[in-house]
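Below you'll find the structure, written out as structure tokens, and then a few comments.
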Amino acid sequence: MGLGFHKPHLNWVAPKKYWDLYNETEIPMASDSIPPKEGAAMGLHPSFELRVRSGIPKTGKLPPELSRTLKHAYLACISYVDEQIGRTIKALEDAGIRDNTIIIVWSDHGWHLGDMGIWGKATNYEIATRYL
């Protein structure tokens with residue numbers, strides 16, 4: 001059996017209960033939002049995938065409040081998918097087939113969440129392999 005989840009791809013929408021797991025004021029923001037001097041140009045893109053969305057400034061630094069809301073949305077989507085994986089494992093257990101099932105979880109890439117001023121994927125920086 002194969003099972004795939006679209007989240008946390010954009011658009012970052014998740015049921016309210018997953019938003020409620022986080023206190024928005026306590027969400028840690030990117031500790032270094034400035035691109036590295038003489039960094040690899042390939043990795044320093046203008047966050048094109050996010051910037052085409054409604055309500056997102058097309059250029060420039062994102063406002064702090066919007067940045068915090070975006071990160072909150074991303075975390076809510078992660079928690080939503082995490083619960084779906086847990087429900088799948090529970091269903092395997094309930095069916096009595098968990099012990100004979102190999103579970104492999106993988107992802108296609110990480111996301112910069114304001115790190116180096118980038119909101120997006122497709123960079124060659126190591127930080128893109130982590131979600132926080």
Side-chain angles (χ1 to χ4, degrees):
M1 172 176 74
L3 180 63
F5 297 101
H6 186 260
K7 296 296 175 203
H9 278 269
L10 289 169
N11 290 326
W12 294 327
V13 178
K16 182 181 182 307
K17 82 179 226 180
Y18 302 99
W19 282 75
D20 292 347
L21 294 173
Y22 301 92
N23 179 340
E24 193 165 274
T25 61
E26 295 176 3
I27 294 171
M29 299 307 293
S31 60
D32 193 359
S33 62
I34 299 170
K37 291 181 182 178
E38 299 181 33
M42 177 184 175
L44 300 174
H45 61 69
S47 307
F48 52 87
E49 189 175 358
L50 180 67
R51 301 255 185 204
V52 298
R53 300 308 196 266
S54 176
I56 305 296
K58 303 306 175 209
T59 60
K61 189 172 179 177
L62 297 183
E65 185 177 303
L66 176 59
S67 296
R68 187 167 295 281
T69 298
L70 288 170
K71 190 160 185 184
H72 191 172
Y74 185 86
L75 293 173
C77 288
I78 294 284
S79 294
Y80 171 72
V81 169
D82 191 48
E83 183 167 307
Q84 303 320 301
I85 292 169
R87 291 174 70 182
T88 302
I89 293 169
K90 172 104 171 60
L92 293 170
E93 290 170 352
D94 291 348
I97 59 174
R98 170 60 188 96
D99 290 342
N100 292 323
T101 303
I102 297 170
I103 299 172
I104 301 170
V105 178
W106 76 90
S107 175
D108 57 347
H109 53 73
W111 254 82
H112 289 274
L113 298 168
D115 309 292
M116 298 181 288
I118 298 171
W119 286 87
K121 57 187 178 183
T123 73
N124 56 350
Y125 287 96
E126 185 270 339
I127 189 89
T129 62
R130 295 180 267 134
Y131 80 95
L132 284 177

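The shown structure was predicted, so the numbers you read here are calculated from the model rather than taken from an experiment. Because only heavy atoms are used, hydrogens play no part in the values below, and waters and symmetry mates are left out as well, while side chains stay in.
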Within one Ile-Leu-Val-Met-Phe-Trp-Tyr cluster: L66 and L10, side-chain cutoff 4.5 Å
yes
Can you tell me how far CG of L113 sits from OG of S67, rounded to the nearest 0.5 angstrom?
10.0 Å
List for me each residue that meets ring-ring contact (aromatic ring centres under 6.0 Å, His included) alongside W12, sequence neighbours excluded, and say none if there are none.
Y74, W111
Residues two or more places apart in sequence or in another chain: which of them pass side-chain hydrogen bond (donor to acceptor under 3.5 Å, both in side chains) with S54?
none
Residues Y22 and A76: closest non-hydrogen pair is CE1-N, 4.1 Å
Atom CG of N23 with >12 non-hydrogen neighbours under 6.0 angstrom
yes
All N/O donor-acceptor pairs, side-chain side in residues 37-48, below 3.5 Å, sequence neighbours left out:
residue, atom, partner, partner atom, Å
H45, ND1, S47, N, 3.0
H45, NE2, K121, O, 2.6
S47, OG, W119, N, 2.8

Would you please name every residue forming a side-chain contact (heavy atoms from CB on, under 4.5 Å) with S33, sequence neighbours left out?
K61
Those residues that, when tested against D94, pass side-chain hydrogen bond (donor to acceptor under 3.5 Å, both in side chains) (two or more places apart)
K90
Nearest 0.5 angstrom please: L21 CG to D82 CG, how far?
10.0 Å
Could you list the residues that satisfy side-chain hydrogen bond (donor to acceptor under 3.5 Å, both in side chains) with T123, not counting sequence neighbours?
H112
So, do L75 and E24 sit near enough that their side-chain heavy atoms are less than 4.5 Å apart?
no
What about L70 and I78, same hydrophobic cluster or not, with Ile/Leu/Val/Met/Phe/Trp/Tyr joined at side-chain heavy-atom distances under 4.5 Å?
yes
Just grab all the ring-ring contact (aromatic ring centres under 6.0 Å, His included) pairs involving residues 78-100, residues at least two apart or on different chains.
Y18-Y80
Rounded at 0.5 Å granularity, tell me how far NZ in K7 sits from OG in S79.
13.5 Å
Taking side-chain contact (heavy atoms from CB on, under 4.5 Å) as the definition, give me every residue that meets it alongside I103, ordered by chain and number, with sequence neighbours left out.
I89, L92, R98, T101, V105
Going by the rule salt bridge (charged side-chain N to carboxylate O under 4.0 Å, His left out), which residues pair with E93 if we only count those two or more places apart in sequence or in a different chain?
none
For D20, check salt bridge (charged side-chain N to carboxylate O under 4.0 Å, His left out) against everything at least two apart and list the hits.
K16
Taking side-chain hydrogen bond (donor to acceptor under 3.5 Å, both in side chains) as the definition, give me every residue that meets it alongside N11, ordered by chain and number, with sequence neighbours left out.
R53
Would you say M29 ends up clustered with W19 if hydrophobic residues are merged whenever their side chains have heavy atoms under 4.5 Å apart, either directly or through other cluster members?
no
All heavy atoms of P63 vs all of P57, minimum pair found to be CD-CG, 4.1 Å
ILVMFWY cluster membership beyond I104 - transitive side-chain contacts under 4.5 angstrom:
I102, W106
Rounded to the nearest 0.5 Å, what separation is found between the CD atom of E49 and the CD1 atom of I56?
12.0 Å
